[in-house]
Enquirer: 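Would you mind keeping the following structure in view while I ask a few things?
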Amino acid sequence: MGCDVRLRTALATGLAGAVLAFAPAQGSAQSPADPGEYVFNLAGCVGCHTDKKNNGKRLAGGRAFKTDYGTFFSPNITPDPDTGIGDWSYEDFSKAMREGLSPEGHSYFPAFPYTSYTHITDADLMAMWDYLKVQAPVVQANRDHDLQAPFGWRWLMVFWNMLYFERGPATDWDRGRYVTEALAHCHECHTPRNALGGYDLDKAYAGTKRNPEGITVPNITPDRETGVGKWKTGDFELLFTIGMLPDGDFVGGVMGESVSHSTSKMTPSDRAAMIRYLQSLEPVENDVKTKKTQDSEDNAW
Ligand code: HEC
Ligand code: HEC
């Protein structure tokens, strides 16, 4: 935990410079029609809670996540009172999002990115709840996770949370960091993890050869050789609006989902704030290039 605090402080300090240089984007965002829908989209809830592959109903859960720890299935988060979260209060919702705890007090697994969502502001969380409450209810029972010991023991999460979980809404983050880390949870995939699944913040955003889902995730720090230090602002814009890489190829898979569910739905000013935040990160040398990203570098420069 001490480690997390130290590194987070380091990140925040680095950011102070960026804020001065660019002036915070806060307040300049175009206001989208429904603020609840907007934060809900940026946070990518639909992708994980819809079993699109099997034509599952929107937000009814059942999507499988195969990881090193076993297979998780997302739950039904529609307002159906029996199989969804229709009988939840705002307090239950806030406890899940901020504390990673169910209404009965059991710990969720971090396959649900509450470690990012804990930083969502009260106003955004309430707006999100108002939006979620009025979505179409679907009757669909949750599937039990299929996990290997000891990760099937939810009580172990109590210790995991003590070690790795820093709670609470962001108070002094600039808009770019807030959009990137609290809402779009880019950390979840792009920051490598230690053996127990905690973030290795020394390598924040430096990618990993193998994430818990077995996927290679590229280094997106501004390191010029192993990261995206040679990308121009327009390169980021194209990726985050239409999913195109500098070599003209398109991202697919999980990053494609992040683009279609989240980054493409950002207001231009939020997207710009996120890009500035990424460009302000500490460059970290970590060579994890996938073939695709390797190609893109060869072709583009
Ligand atoms: C990366 C995939 C992923 C994303 C993104 C995600 N969730 Fe989840 N969510 C899960 C999984 C998996 C669980 C089950 C966790 C567990 O059982 O320990 C879960 C659990 C939940 C629960 C607890 C439901 C219950 O019945 O106990 C709620 C509420 C929830 N998510 C809401 C949301 C909202 C709102 C968003 C968007 C802000 C969101 N989730 C985004 C994967 C995701
Ligand atoms: C669910 C996992 C996941 C999430 C969440 C995610 N990414 Fe990615 N990202 C990937 C993977 C995997 C790739 C490689 C895709 C490819 O090459 O086709 C990638 C590629 C990228 C690239 C291109 C890097 C290169 O060298 O080609 C950038 C930039 C990027 N992501 C930024 C982000 C940002 C910003 C966010 C948050 C809005 C984000 N990603 C969220 C998994 C993820």
Side-chain angles (χ1 to χ4, degrees), residues 36 39-50 59 61 63-65 67 71-77 83-85 88 92-97 100-104 106-114 116-117 120 124-125 128-129 131-132 142-145 147 154 157 176 179-191 205 207-208 211-213 215-221 226-231 235-236 239-240 243 245-247 249-259 261-264 266 271 274-275 277-278 281 288-297 300:
V39 286
F40 187 80
N41 282 337
L42 264 53
C45 319
V46 175
C48 279
H49 283 278
T50 306
L59 299 178
R63 175 171 175 181
F65 299 89
T67 73
T71 304
F72 293 92
F73 295 94
S74 59
N76 181 343
I77 58 166
T83 61
I85 60 171
W88 282 29
D92 293 331
F93 179 64
S94 152
K95 196 159 109 181
M97 301 285 287
L101 294 173
S102 75
E104 301 79 41
H106 74 233
S107 301
Y108 291 119
F109 295 102
F112 165 37
Y114 65 85
S116 295
Y117 300 150
I120 294 176
D124 280 353
L125 202 58
M128 193 188 273
W129 179 240
Y131 173 78
L132 197 51
N142 291 336
R143 269 184 84 168
D144 285 338
H145 304 313
L147 302 180
R154 279 196 192 265
M157 287 307 306
V179 168
T180 311
E181 289 183 7
L183 296 174
H185 59 276
C186 315
H187 252 324
E188 300 282 338
C189 294
H190 283 280
T191 296
Y205 297 102
T208 166
N211 81 348
E213 292 187 56
I215 302 169
T216 300
V217 187
N219 180 347
I220 58 167
T221 72
T226 64
V228 291
K230 291 178 189 162
W231 285 39
D235 294 331
F236 287 104
L239 172 62
F240 298 140
L245 289 166
D247 67 349
D249 217 337
F250 284 82
V251 287
V254 286
M255 187 61 209
E257 284 187 42
S258 179
V259 171
H261 292 300
S262 171
T263 65
S264 65
M266 289 175 181
R271 198 156 41 229
M274 181 176 77
I275 294 170
Y277 177 63
L278 295 175
L281 292 171
V288 290
K289 289 210 185 315
T290 56
K291 192 183 166 298
K292 209 177 220 178
T293 53
Q294 193 71 63
D295 283 346
S296 79
E297 196 167 71

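As the structure is a prediction and not an experimental result, all values here were calculated from the model. Heavy-atom basis, side chains included; hydrogens, waters and symmetry copies ignored. Residue numbers count from 1 along this sequence. Just so you know, ligand 1 is whichever comes first in the structure, and atom 1 is the first atom listed for that ligand.
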Enquirer: From atom 19 (C) of ligand 1, work out which of Ala182, Pro75, Cys48, Ala64 has a heavy atom at the shortest distance.
Expert: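 The residue whose heavy atom sits nearest atom 19 (C) of ligand 1 is Pro75.
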Enquirer: Would Ser102 count as a contact of ligand 1 if the rule is a heavy atom under 4.0 Å away?
Expert: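 Judged by the 4.0 Å heavy-atom criterion, Ser102 does not count as contacting ligand 1.
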Enquirer: As an exercise, identify every atom of ligand 2 less than 4.0 angstrom from a heavy atom of Thr263.
Expert: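 Taking each heavy atom of Thr263 in turn, ligand 2 has 38 (C) under 4.0 Å.
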Enquirer: Against heavy atoms of Leu278, which atoms of ligand 2 measure under 4.0 Å?
Expert: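 Counting atoms of ligand 2 from 1, those under 4.0 Å from Leu278 are 35 (C).
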Enquirer: Strictly under 2.8 Å, is atom 8 (Fe) of ligand 2 approached by any N, O or S atom of His190?
Expert: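 Yes, within the cut-off.
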Enquirer: Give the ring-plane orientation class for Trp231 versus Phe236, where under 30° counts as parallel, over 60° as perpendicular and anything between as tilted.
Expert: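 Rings of Trp231 and Phe236: tilted, 30 to 60°.
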Enquirer: What's the shortest heavy-atom distance between Ser262 and Ala184, and which atoms?
Expert: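 Where Ser262 meets Ala184 most closely, the heavy atoms are OG-CB, 3.8 Å.
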Enquirer: How does Thr180 reach ligand 2, by side chain, by backbone, by both or by neither, if only non-hydrogen atoms under 4.0 Å count?
Expert: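 The answer is neither; Thr180 stays 4.0 Å or more away.
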Enquirer: How does Glu188 reach ligand 1, if at all, at less than 4.0 Å between non-hydrogen atoms: by side chain, backbone, both, or neither?
Expert: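 It is neither part, as no heavy atom is under 4.0 Å.
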Enquirer: Given 3.5 Å as the limit, does a donor-acceptor pair link the side chain of His261 with the main chain of Cys45, or not?
Expert: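 Absent.
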Enquirer: Check the orientation of His187 and Tyr205. Use parallel for under 30°, tilted for 30 to 60°, and perpendicular for over 60°.
Expert: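 If you compare the ring of His187 with that of Tyr205, the planes turn out parallel.
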Enquirer: Of the listed options (Ala43, Ala96, Cys45), which comes nearest to atom 34 (C) of ligand 1 when hydrogens are ignored and any heavy atom counts?
Expert: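 The residue whose heavy atom sits nearest atom 34 (C) of ligand 1 is Cys45.
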Enquirer: Under 4.0 Å from a heavy atom of Met128: give me the atoms of ligand 1 that qualify, with their elements.
Expert: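 Counting from 1, the qualifying ligand atoms are 38 (C).
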Enquirer: Numbering the atoms of ligand 2 from 1, which are under 4.0 Å from a heavy atom of Ile215?
Expert: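 In order of number, 12 (C).
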Enquirer: Considering the heavy atoms of Leu245, write down every atom of ligand 2 situated less than 4.0 Å from one of them.
Expert: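 This gives 23 (C), 27 (O) as the contact atoms.
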Enquirer: What heavy-atom pair brings Leu59 and Thr50 nearest, and what distance separates the two atoms?
Expert: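 Here Leu59 and Thr50 meet closest at N-OG1, 3.0 Å.
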Enquirer: Considering Ser116, Ala184, Pro218, Cys189, which one's heavy-atom position lies nearest to atom 24 (C) of ligand 2?
Expert: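 Looking at heavy atoms only, Pro218 sits closest to atom 24 (C) of ligand 2.
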Enquirer: Quick one, Leu101 with Ser107, criterion side-chain contact (heavy atoms from CB on, under 4.5 Å). Give me CA distance, side-chain angles, the key distance, then yes/no.
Expert: CA-CA 5 Å; Leu101 294 173; Ser107 301; 3.8 Å; yes
Enquirer: Under a 4.5 Å cut-off applied to non-hydrogen side-chain atoms, are Val46 and Phe40 in contact?
Expert: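 A side-chain contact under 4.5 Å exists here.
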Enquirer: Test side-chain contact (heavy atoms from CB on, under 4.5 Å) on Phe250 and Val259 and set out the steps.
Expert: CA-CA 11 Å; Phe250 284 82; Val259 171; over 6 Å; no
Enquirer: Pairs of nitrogen or oxygen atoms closer than 3.5 Å, one from His145 and one from ligand 1: do any exist?
Expert: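 Yes, since at least one N or O of His145 sits under 3.5 Å from an N or O of ligand 1.
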Enquirer: Please determine which of Phe65, Phe109, Tyr108 meets the ring pair (Phe, Tyr, Trp, His ring centres under 6.0 Å) test together with Phe72.
Expert: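 Exactly one candidate clears the test, Phe109.
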Enquirer: Pick one of side chain, backbone, both or neither for how Asn211 approaches ligand 2, counting any non-hydrogen atom pair under 4.0 Å.
Expert: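 No part of Asn211 comes within reach of ligand 2.
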Enquirer: Which of the numbered atoms in ligand 2 are below 4.0 angstrom from a heavy atom of Leu239?
Expert: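 Here the atoms of ligand 2 in question are 22 (C), 23 (C), 28 (C), 29 (C).
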Enquirer: Which ligand 2 atoms does Val228 reach within 4.0 Å, using its non-hydrogen atoms?
Expert: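 The atoms of ligand 2 under 4.0 Å from a heavy atom of Val228 are 26 (O).
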Enquirer: For atom 35 (C) of ligand 2, which candidate among Trp231, Phe240, Phe65 provides the closest heavy atom?
Expert: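 Considering heavy atoms of Trp231, Phe240, Phe65, the nearest to atom 35 (C) of ligand 2 sits in Phe240.
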Enquirer: Any atom of ligand 2 sitting under 4.0 Å from a heavy atom of Thr216?
Expert: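 Flag set, Thr216 near ligand 2.
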Enquirer: Can you tell me if an N/O/S atom from His49 lies under 2.8 Å from atom 8 (Fe) of ligand 1?
Expert: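 For His49, the answer is yes, given that an N, O or S atom comes within less than 2.8 Å of atom 8 (Fe) of ligand 1.
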Enquirer: Establish, for the pair Arg271 and Phe240, whether the NZ or CZ atom is under 6.0 angstrom from the six-membered ring centre and no further than 45 degrees off its axis.
Expert: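 Not satisfied by the 6.0 Å and 45° rule.
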Enquirer: Are Ser94 and Trp129 side-chain neighbours, meaning at least one heavy-atom pair lies under 4.5 Å?
Expert: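 Result no, sub-4.5 Å side-chain heavy-atom pair not found.
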Enquirer: Should the proximity of Asn219 to ligand 2, defined as any heavy atom under 4.0 Å, be assigned to the side chain, the backbone, both, or neither?
Expert: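 Asn219 to ligand 2: no contact under 4.0 Å from either part.
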Enquirer: Are side-chain heavy atoms of Asn142 and Thr83 found at a separation under 4.5 Å?
Expert: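 Asn142 does not reach Thr83 side chain to side chain.
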Enquirer: Within the structure provided, determine whether Val254 and Ile215 are in side-chain contact (heavy-atom separation under 4.5 Å).
Expert: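 A side-chain contact under 4.5 Å exists here.
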Enquirer: Is the closest heavy-atom distance from Ser258 to ligand 2 below 4.0 Å?
Expert: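 The answer is yes: ligand 2 sits under 4.0 Å from a heavy atom of Ser258.
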Enquirer: Looking only at non-hydrogen atoms, find the nearest pair between Met128 and Val39 and report the distance.
Expert: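 Scanning both residues, the minimum pair turns out to be CE-O, 3.8 Å.
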Enquirer: Determine, stepwise, if the pair Asp235 / Val228 fulfils side-chain contact (heavy atoms from CB on, under 4.5 Å).
Expert: CA-CA 10 Å; Asp235 294 331; Val228 291; over 6 Å; no
Enquirer: Select one of side chain, backbone, both or neither to describe which atoms of Pro113 lie under 4.0 Å from any atom of ligand 1, heavy atoms only.
Expert: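 Side chain only; the backbone of Pro113 stays clear of ligand 1.
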Enquirer: For Asp249, which part has a heavy atom under 4.0 Å from ligand 2: side chain, backbone, both, or neither?
Expert: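 Neither part.
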Enquirer: May I ask you to list the atoms of ligand 1 that are less than 4.0 angstrom from any heavy atom of His185?
Expert: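 Matching atoms, with element in brackets: 5 (C).
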Enquirer: Polar contacts were defined as any N/O atom of the residue lying under 3.5 Å from an N/O atom of the ligand; does this apply to Tyr108 and ligand 1?
Expert: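 Between Tyr108 and ligand 1 (N or O atoms, distance only) the closest approach is under 3.5 Å.
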Enquirer: What do you reckon, does Tyr114 put a non-hydrogen atom under 4.0 Å from ligand 1?
Expert: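 The answer is no: ligand 1 sits nowhere under 4.0 Å from a heavy atom of Tyr114.
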Enquirer: For Gly44, take its heavy atoms, then give the atoms of ligand 1 lying under 4.0 Å from any of them.
Expert: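 Under 4.0 Å from Gly44, ligand 1 has these atoms: 5 (C).
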Enquirer: Using side-chain contact (heavy atoms from CB on, under 4.5 Å), reason through Val217 and Val288 one step at a time and then give a plain yes or no.
Expert: CA-CA 7 Å; Val217 187; Val288 290; over 6 Å; no
Enquirer: Can you sort out which atoms of ligand 1 are near Phe109, meaning under 4.0 Å from one of its heavy atoms?
Expert: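 It comes down to these atoms of ligand 1: 16 (C), 18 (O).
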